[in-house]
2 protein chains.
Amino acid sequence: MTNIRDIARESGYSVSTVSRVLNHRKYVSPAVRDHIEQVMQQLNYVPNAVARDLSSGHTKKIGVALAMVAHPYYTTLVKGITKAAFEEGYQVTLLPTDYDAKLERRYLEQLRQHAFDGLIFTSHSMPISEIAAAQAFGPVVVCQDPGSVTIPAAFTDRQASYHEAFAWIRQAGYQRVGLMLPRDPNVSATASAMVQAYTSVIGAAPAAELTWIGSMAYADGLKAGALFAANGADFVFANGDDIALGVHDYYQQNNLPLPGLMGQENQVSSALLGISTIDHHFQAVGRAALALATGAKTGQIKIASDFIARPYYC
Amino acid sequence: MTNIRDIARESGYSVSTVSRVLNHRKYVSPAVRDHIEQVMQQLNYVPNAVARDLSSGHTKKIGVALAMVAHPYYTTLVKGITKAAFEEGYQVTLLPTDYDAKLERRYLEQLRQHAFDGLIFTSHSMPISEIAAAQAFGPVVVCQDPGSVTIPAAFTDRQASYHEAFAWIRQAGYQRVGLMLPRDPNVSATASAMVQAYTSVIGAAPAAELTWIGSMAYADGLKAGALFAANGADFVFANGDDIALGVHDYYQQNNLPLPGLMGQENQVSSALLGISTIDHHFQAVGRAALALATGAKTGQIKIASDFIARPYYC
DNA sequence: CCTTGACCTGAAACGCGTCCCACAGCTTAC
DNA sequence: GTAAGCTGTGGGACGCGTTTCAGGTCAAGG
């Protein structure tokens, strides 16, 4: 491998001058520049990226910790992060966690070792306080509401849109509203926001027999459909459009009269079913997270969700 | 930032000894090891990852060039790559290309600069010959059949399963078989493999009015449904389960008698519709691609697709 | 008693750019 | 005329580990 010193020696100029040519800086006479460039070409020289990183003190890489690599929620987030990163000259390194706190800590340690310029947790199993403490190692960003903990965060503000959604459901006259939650509301901020909005708008806590916990994908909707049908739900508010589609398909496959439906995430499926949904703008969350990770922005960035009302025809 | 020399000075030992402690190597007396470890703790020392990379000559990072970050095909591939990378101690850096050859070249250049230890093209817009030439810069892997070009490649061997699929269709007695192709068969290996198998098994080239080109997602199936319905298709073989679902939904939404259906990629949707599909094992392709990129394996790795026959009830 | 070799430790080169500082030559300004 | 300032170049320290090689100690084998 030929290096910058080889070029210096071969061209008869100093390393500093070669470096100036390399970085297109002033204070190099055109003749010298040409000559050095020629030598670089001849010797087939390319600067070493790692040496540059070491010398310049940054890697222009952002680590993104992901519980699941291929889940639509994460991929949308990653898409936003990656696009923004590209525009800012950063690259994204995928760090699979599989919800394992041990791995999360390992990545934090890597941040400390300057393997990345910043670290984004799209989800986290470690206590948030511990993550906050790790800010001493470098920029750490979470993608959930950190509550009172002081840490850069980018997340969706779901309150307003959930309220709108339930107000819509109420106004439409539905009486037995089924709820599909991703995880236990004691653990998941998303789930608890849904329950809160329900309680606040409907005026009572959701009934247990109309609440399904642990829905991630289409198949869960299909399973939950049985529960809702058995308990006489006249409406189902799912935590994802594809999940709502699953519910829809359960009723349809069993030739049951369809309940009202509402999804989330504004995917194709809701548009096609013609059901209302909520766009959480995950891509925008990703972009915001990146801006926080690079230090372009600071503090907490809330992205407002949008309730998208659609007439239900099916 | 405290570095290895600080530890050496502070502990009263040499840099070499500290390095030995750091890397858990032999030939350090327990007492010295303890002492140095204590000093490291006191000074809050962590080795610099970039310096290590520079010194050791590798980054343990594999670049993955992606045309689309959030598309199911790519995310499945990335999942396989990422899992395998994790097991081998490598990390994955996402490189968005958006089908832009200029960007692809830029990533190749970064490989040359030793920014990654290897580069995987999940798709490519550059001519394959040019990519093959770039092997001089380091391990480059493609995820498509490279034909006669000599380059490490991991891809699915679709021939056998496509033949099985068409044989199944034929045996079932379908007469007017619609075909949905991702891209023009003159450009896309996938599309041309489908057409070839069709022609070979059915005994004639697919009819133009029963061929849809350019299907990527559910919505395309929905659109294509109109074409097939208008032209009296009694079967549709789509290039994706979700796409097949789109076709299904078109017919259903228009209260038309459903045609036979077959998808690809073995997603939930085909299982739920109960239609046959083909599993291309993209995750396995990803794993294989990683093994090629790290140099653990060489040559070309074909992953056989599996035809999964299911009775069609709907 | 001498050789062999495992065990400890250190000096210094190496991987490779970047950047600050110094200095020479030349021009513009007062 | 001379101080001030810009241009063009070079020297060398710096960022930070890893690794080779040399040298010394000490115990086992012959």
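First the proteins, then the strands, lettered A, B, ... as listed; each starts at 1.
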inquiry  = I need the CG-P distance between A:N48 and C:dC14, as an integer number of Å.
reply    = 17 Å
remark   = Between CG of B:L22 and C1' of D:dG17 the distance, given in whole Å, is 8 Å
query = Is the distance from OP1 or OP2 of C:dG17 to the nearest side-chain N or O of A:Y45 less than 4.0 Å?
reply = yes
request  = Calculate the interatomic distance between A:D53 atom CG and D:dC16 atom P; express it in whole Å.
outcome  = 14 Å
query = For B:Y27 and D:dC26, what is the distance between atoms OH and C1' respectively, to the nearest whole Å?
reply = 14 Å
key: Interatomic distance where NE2 belongs to B:H58 and P belongs to C:dC16 [whole Å]   = 14 Å
task = Tell me which nucleotide among C:dC7, D:dG17, C:dA12 gets nearest to the side chain of B:I4.
result = D:dG17
ask   = Short question: side chain of A:D6, backbone of A:N3 - any donor-acceptor pair under 3.5 Å?
value = yes
task = Measure from the side chain of A:V28, starting at C-beta and using heavy atoms only, and say which of D:dT9, C:dG17, D:dT19 lies closest.
result = D:dT9
message = Of the listed nucleotides (C:dT18, D:dT19, C:dT9), which one gets closest to any side-chain atom of A:S55?
response = C:dT18
ask   = If you look at every heavy atom in B:V50 and A:T59, which pair is closest and at what distance?
value = CG2-CG2, 3.6 Å
ask   = Across the strands shown, which category fits A:V32 at heavy-atom distances under 4.0 angstrom: base, sugar-phosphate, nothing?
value = sugar-phosphate
task = Please tell me which of A:S29 and B:R20 maps to the more 5' nucleotide of DNA chain D, matching each residue to the nucleotide holding its nearest heavy atom.
result = A:S29
key: Closest to side chain of A:P47, choosing from C:dG17, C:dC8, D:dG10   = C:dG17
task = Examine D:dG10: is either OP1 or OP2 under 4.0 Å from a nitrogen or oxygen in the side chain of A:T17? Give yes or no.
result = yes
key: Short side-chain N/O contact to C:dT18 OP1/OP2 from A:R52, under 4.0 Å   = yes
message = Is the phosphate of D:dG17 approached by B:S19 (side-chain N or O, under 4.0 Å from OP1 or OP2)?
response = no
Per B:S16 side chain, nearest of listed nucleotides D:dT19, D:dC16, C:dG17 = D:dT19
inquiry  = Is A:N23 close enough to C:dT18 that one of its side-chain N or O atoms is under 4.0 Å from OP1 or OP2 there?
reply    = yes
query = Tell me, do B:T156 and B:K302 make a side-chain contact under 4.5 Å, heavy atoms counted?
reply = no
inquiry  = Closest approach to the side chain of A:N3, judged atom by atom: which nucleotide of D:dT9, D:dT18, C:dC16 is it?
reply    = C:dC16
note = Testing D:dG10, D:dC16, C:dC7 for proximity to the side chain of A:L54, the answer is D:dC16
remark   = Contacts of A:V46 and B:R5 projected onto DNA chain C by closest heavy atom; the upstream (5') one is B:R5
query = Between B:Q144 and B:F121, is there a donor-acceptor pair closer than 3.5 Å when you use the side chain of the first and the backbone of the second?
reply = no
Separation of atom NZ in B:K26 from atom P in D:dT18, rounded to whole Å = 19 Å
ask   = Could you give the CZ-to-P distance, from B:R25 to D:dG17, as a whole number of Å?
value = 14 Å
message = In this structure, how many angstroms lie between the P atom of C:dG15 and the CE atom of A:M1, rounded?
response = 12 Å
ask   = Is a salt bridge present between B:E109 and B:R106, judged by a nitrogen-to-oxygen distance below 4.0 Å?
value = no
inquiry  = For B:P72, is there any backbone N or O sitting under 3.5 Å from a side-chain donor or acceptor partner on B:T76?
reply    = yes
